[in-house]
Amino acid sequence: MSFLFSRSSKTFKPKKNIPEGSHQYELLKHAEATLGSGNLRQAVMLPEGEDLNEWIAVNTVDFFNQINMLYGTITEFCSESTCSVMSAGPRYEYHWADGTNIKKPIKCSAPKYIDYLMTWVQDQLDDETLFPSKIGVPFPKNFMSVAKTILKRLFRVYAHIYHQHFDAVMQLQEEAHLNTSFKHFIFFVQEFNLIDRRELAPLQELIEKLGSKDR
């Protein structure tokens, strides 16, 4: 969870806060406590009696904050010149489209793509009709498909960091943070089947390695 990153307070976008005292805040605290036990497979499971949408919402916000911090630590290494395309190794390249402002996918640099992506995610998280923060306000019918799209796109930032900037991560001694964060993310999306296996292909070997260590 985000508490892992207390050493580095630099974020790429402003942190998204869950209001203290709210039920979602309590859920986040529960998640942090179970994560502290070290059993990530157990930590991602839906707590008894809780609403699945709300659990996914709280964790999606938390993953946004984690990736925000992780990318924030390496932005100086990710520039128009070093990363002129948004890629995850030589075989995978991503073009940006959000379906509203940019309908036709555009090829752009990694920093531009990640800026578009994180701004778009932030807009979804701030939309009270999609991510209601008030108790009793129902989640919309399309919530799950929106959450899946957010998580699919956030995965691409992990993939870019691992493939293009892992040396920088090691130089900054952030690899333990990155690995723990990614393992938590992967176990979570696997638990609820939130990202298509094909989308995970750029980091398939790492995912298998993380999973086998846990068996």
Side-chain angles (χ1 to χ4, degrees), residues 1-4 16 18 22-70 88 94 99 117-118 120-133 135-159 161-162 177-215:
M1 305 293 277
S2 36
F3 62 82
L4 285 170
K16 169 78 182 161
I18 290 176
S22 66
H23 182 61
Q24 291 187 6
Y25 187 78
E26 296 308 312
L27 269 183
L28 182 65
K29 289 288 141 212
H30 169 86
E32 288 185 356
T34 51
L35 262 183
S37 73
N39 185 337
L40 284 173
R41 285 271 182 224
Q42 214 171 336
V44 298
M45 289 175 183
L46 179 68
E48 207 176 324
E50 293 297 346
D51 176 63
L52 178 62
N53 285 345
E54 197 155 34
W55 182 239
I56 287 174
V58 164
N59 281 278
T60 300
V61 169
D62 192 56
F63 289 128
F64 168 77
N65 286 332
Q66 288 187 44
I67 292 167
N68 205 355
M69 284 198 178
L70 283 164
Y94 300 110
L117 187 157
M118 297 301 267
W120 177 83
V121 172
Q122 208 166 21
D123 289 346
Q124 311 309 302
L125 300 180
D126 288 341
D127 184 341
E128 277 289 325
T129 64
L130 282 176
F131 280 78
S133 59
I135 289 181
V137 178
F139 282 85
K141 286 190 169 60
N142 67 332
F143 171 75
M144 201 57 90
S145 73
V146 171
K148 283 179 176 182
T149 304
I150 290 173
L151 293 164
K152 174 180 79 177
R153 289 177 173 173
L154 288 176
F155 168 81
R156 294 170 182 176
V157 185
Y158 280 120
I161 293 173
Y162 270 111
H177 291 165
L178 175 62
N179 290 340
T180 304
S181 173
F182 182 63
K183 188 174 182 179
H184 177 207
F185 178 88
I186 282 301
F187 284 11
F188 187 81
V189 299
Q190 286 175 337
E191 174 71 15
F192 303 106
N193 202 15
L194 297 169
I195 301 180
D196 190 293
R197 196 180 156 85
R198 282 170 309 183
E199 283 286 338
L200 300 173
L203 293 177
Q204 195 52 48
E205 276 181 42
L206 175 64
I207 291 166
E208 283 167 13
K209 204 162 109 187
L210 292 172
S212 64
K213 275 185 184 169
D214 224 68
R215 285 190 191 117

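Residue numbers run from 1 in the order of the sequence given.
- Glu208 is listed as a side-chain neighbour of Gln204, based on a closest heavy-atom distance under 4.5 Å.
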Met118 vs Ile67, side chain to side chain contact (heavy atoms under 4.5 Å, CB included): CA-CA, chis, key distance, verdict = CA-CA 9 Å; Met118 297 301 267; Ile67 292 167; 4.1 Å; yes
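- Atom CG of residue Leu206 and atom NZ of residue Lys183 lie 10.5 Å apart, to the nearest 0.5 angstrom.
- The closest side-chain heavy-atom distance from Leu117 to Tyr94 is not below 4.5 Å.
- Here CG of Asp62 is found 5.0 Å from CD of Gln66. Values are rounded to the nearest 0.5 Å.
- At most 12 non-hydrogen atoms from other residues, nucleotides or ligands lie less than 6.0 angstrom from CD of Glu205.
- For the pair Tyr158 and Leu70, the minimum side-chain heavy-atom distance is below 4.5 Å.
- Atom OG of Ser181 is separated from atom CG of Asn65 by 10.5 Å, given to the nearest 0.5 angstrom.
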Do any side-chain atoms of residues 135-147 form donor-acceptor pairs under 3.5 angstrom with protein atoms, and if so which ones, sequence neighbours left out?
residue : atom : partner : partner atom : Å
Ser145  : OG   : Asn142  : O            : 3.1

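- Two residues are said to be in side-chain contact when any heavy atoms from C-beta on lie closer than 4.5 Å; Phe182 and Phe155 meet this criterion.
- Side-chain atoms of Asn59 come within 3.5 Å of backbone N or O of Trp55 as a donor-acceptor pair.
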Step by step, work out the side chain to side chain contact (heavy atoms under 4.5 Å, CB included) result for Tyr162 and Asn179.
-> CA-CA 10 Å; Tyr162 270 111; Asn179 290 340; 2.6 Å; yes
Give the C-alpha distance, both sets of side-chain angles, the deciding distance and a yes or no for side chain to side chain contact (heavy atoms under 4.5 Å, CB included) between Asp126 and Phe131.
-> CA-CA 7 Å; Asp126 288 341; Phe131 280 78; over 6 Å; no
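- Annotation: salt bridge (Lys or Arg N to Asp or Glu O under 4.0 Å) contacts of Asp51 (sequence neighbours excluded): none.
- The nearest pair of heavy atoms linking His184 to Phe63 is ND1-CE2, 3.4 Å.
- Thr60 places a side-chain N or O within donor-acceptor distance of the main-chain N or O of Ile56, the cut-off being under 3.5 Å.
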Report all side-chain donor-acceptor pairs from residues 185-202 shorter than 3.5 Å, counting only partners two or more places apart or in another chain.
residue : atom : partner : partner atom : Å
Gln190  : OE1  : Arg41   : NH1          : 3.1
Asp196  : OD1  : Arg198  : N            : 2.8
Asp196  : OD1  : Arg198  : NE           : 3.2
Asp196  : OD2  : Arg198  : NH2          : 3.3
Glu199  : OE1  : Arg156  : NH2          : 3.3

